[in-house]
Amino acid sequence: MAALLRRTLGAPVTFRLCCLKKSSVSRLQRSLAIHNQRALYHGTTTDQRRPTSCPYQALPLQTGLMLRRNISTSRRSCSDILQFKLSDIGEGIAEVTLKEWYVKEGDIVAQFESICEVQSDKASVTITSRYDGVIRKLHYEVDDIAKVGTPLIDIEVEDTDKMDEDIEDSSSSSSDSDEEVAPVAATATSGDASVGLTPVQERVRVLATPAVKRLAMEHDIKLIDVVGTGKDRRVLKEDMLKHIEMLASGQTPAKPAKAAPTKPITTPPVPQPAAPPSPALPPVRRPAPVYISEDRKEPIKGIQMAMVKTMKKANEIPHFGYCDEIEVSRLVELKPTLQKAAADRGVKFSFMPVFIKAASTALFSFPILNAYVDEKCESMTYKAVHNIGFAMDTPHGLLVPNIKNCESLSIFEIAQDLSRLMELGKVGKLGQDDLSGGTFTLSNIGTVGGTYAKPVLMPPQVAIGAIGRIQAVPRFGEDDELYKAHVLNVSWSADHRVIDGATMARFSNLWKSYLETPATMILDLK
């Protein structure tokens, strides 16, 4: 507006409405009306001075009064200061603890850039900016409690109409990603010979906002062909405009870097060890001693508060326990083969994916154990998917993420997701989706050296298991011969309001048979 008024001081001009409020428009109309009247003394008017090529119309002005007055101008920005509020992050969370600020007052931020990290009672969440702009105020200090719906920051943005349009476009779209099909050549190896296969179609996920997608559609450009410089290779508006500019000038745009091809998998020879190796005992981790000189009182919050709420609900439920031991010597014999095959695919093998897949397979025969009970225990919901959780000891406390859709995953796919969740848990980056939606839980206490436990339910689930460490113990065979056996202990807990002991025992026996004789599980795999 300031630039426009400076131009009006020399001669009448045409004005285009942009992001002005109604009061500002009215003041500007009066000012231009006065200026047009003054311009009559010089023989020119706004309409006469308007370029014929201008696609916009001049403002409708009232010119009935002959006024003589000076116009005082001041610099006025079209920017607005918006309050960025903490949105609902689901699961009934009403407040979070602000753990870290990634910005400070005066910083310039871009859309999707990280602003801060908050810790709910279930997960750590990184909050990203919805706007391009300048941080003007931080409403909370580190470790403050922020309520959902309250402002986190004040951000000064330019061109608020455009921002509102982009937000409206984004809210009308269910996703800010796109999937495109790209031909990828696949090869397979057999021994020393290499066999070329025909190109296959691979779906590649490209992150982009609806506005960027619209630009790509208008210029007939595939998102997969644009180099994304944003987080997780997100295609930003600047990337798309640069790509369009290069195409218009006849230059060849750079191609996005492709993911490294999957290493060909060869079938390793089956080793025949003289005796299966005994599982090594987990190393004893000794935490550094902490000497407290005086009493200190601290509030219970974050993950600890989540445990408080969950345990209060769980202890209102009558539990019953069931324990058993399982000889897994045949499974231990397969470990070298499975470790080598998993390592060739870039995943570290453990027995946990096998335990999870065996549990999922057994749940098909006992769907009542994969169910939810409402708070009043008036109805049960049999869950269609097997989202099996596992307890994880992290630097931030006990967390129970879950692997989604185990019923449709292979053991290797479960191992991949397990590895991903464990890496995220170590750095405190587990998302809300990773920690919610579990339908059944297995807790592996063997990682810290335990054998038996008394696991506590995670409402609204109705069953949970705790797996001990595998031990090499002496056993007698059918002919009283002494042999070395690898034994695993398991402890189950179930909601005795809806689950009886016989059902839990039968489920445990089926799960046990899959682990003692792994070949039988192949017959029941879906």
Side-chain angles (χ1 to χ4, degrees), residues 86-102 112 114-128 142-143 145-146 148 152 176-177 205 207 231-232 285 300-311 313-314 346-348 350 352-353 355-356 359-360 383 385-406 409 413-445 447-448 455-461 464-467:
L86 177 63
S87 59
D88 185 7
I89 56 179
E91 293 292 312
I93 295 173
E95 62 183 25
V96 296
T97 303
L98 202 146
K99 301 299 294 181
E100 182 179 2
W101 281 112
Y102 299 134
F112 304 115
S114 297
I115 295 177
C116 64
E117 180 180 350
V118 299
Q119 176 74 55
S120 72
D121 58 3
K122 296 185 179 181
S124 176
V125 180
T126 299
I127 305 297
T128 58
V142 174
D143 289 333
I145 303 297
V148 170
L152 277 178
D176 65 349
S177 65
R205 187 169 181 262
L207 296 175
K231 185 179 179 182
D232 298 328
R285 293 187 297 175
I300 298 176
K301 57 185 179 180
I303 293 175
Q304 285 184 316
M305 181 56 67
M307 292 179 61
V308 171
K309 295 177 181 179
T310 302
M311 291 303 100
K313 292 181 180 179
V347 175
K348 184 179 179 181
S350 68
M352 194 62 183
F355 299 155
I356 291 174
S360 176
K383 307 302 288 186
V385 295
H386 298 168
N387 296 341
I388 298 183
F390 60 97
M392 181 187 300
D393 180 27
T394 74
H396 309 281
L398 177 66
L399 295 175
V400 188
N402 61 83
I403 300 173
K404 301 291 192 294
N405 305 307
C406 292
L409 299 180
E413 289 171 330
I414 292 174
Q416 283 182 310
D417 210 16
L418 179 68
S419 178
R420 176 187 69 84
L421 293 171
M422 292 183 69
E423 290 299 321
L424 292 176
K426 290 177 183 177
V427 296
K429 296 297 183 182
L430 285 169
Q432 192 64 36
D433 184 62
D434 297 325
L435 295 166
S436 60
T439 62
F440 187 87
T441 302
L442 284 177
S443 177
N444 188 0
I445 61 172
T447 56
V448 292
V456 181
L457 288 171
M458 294 189 61
Q461 299 176 31
I464 184 174
I467 303 168

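Worth knowing before you read on, the calculation uses all heavy atoms, side chains too, and leaves out hydrogens, waters and symmetry mates.
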Apply side chain to side chain donor-acceptor pair (under 3.5 Å) to [X] and list each qualifying residue two or more places apart in sequence or on a separate chain.
X: N387; value: none
X: S360; value: H386
X: K404; value: N402
X: Q416; value: none

Item to check | Heavy-atom pair of closest approach, residues L442 and A359 | outcome: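 Looking at all heavy atoms of both residues, the shortest contact is CD1-CB, 4.0 Å.
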Item to check | ring pair (Phe, Tyr, Trp, His ring centres under 6.0 Å) contacts touching residues 419-438 (sequence neighbours left out) | outcome: none
Who passes side-chain contact (heavy atoms from CB on, under 4.5 Å) against [X], sequence neighbours left out?
X: P459; answer: T310, K313, A314, I317
X: E100; answer: Y102, E117
X: L409; answer: I403, E413, I414
X: S419; answer: none

Checklist entry - Going by heavy atoms in the side chains, are V400 and T441 under 4.5 Å from each other? => result yes
Checklist entry - How would you list, by chain and number, every residue that makes a ring-ring contact (aromatic ring centres under 6.0 Å, His included) with F355, sequence neighbours excluded? => result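 With sequence neighbours excluded, F355 shows a ring-ring contact (aromatic ring centres under 6.0 Å, His included) to no residue whatsoever.
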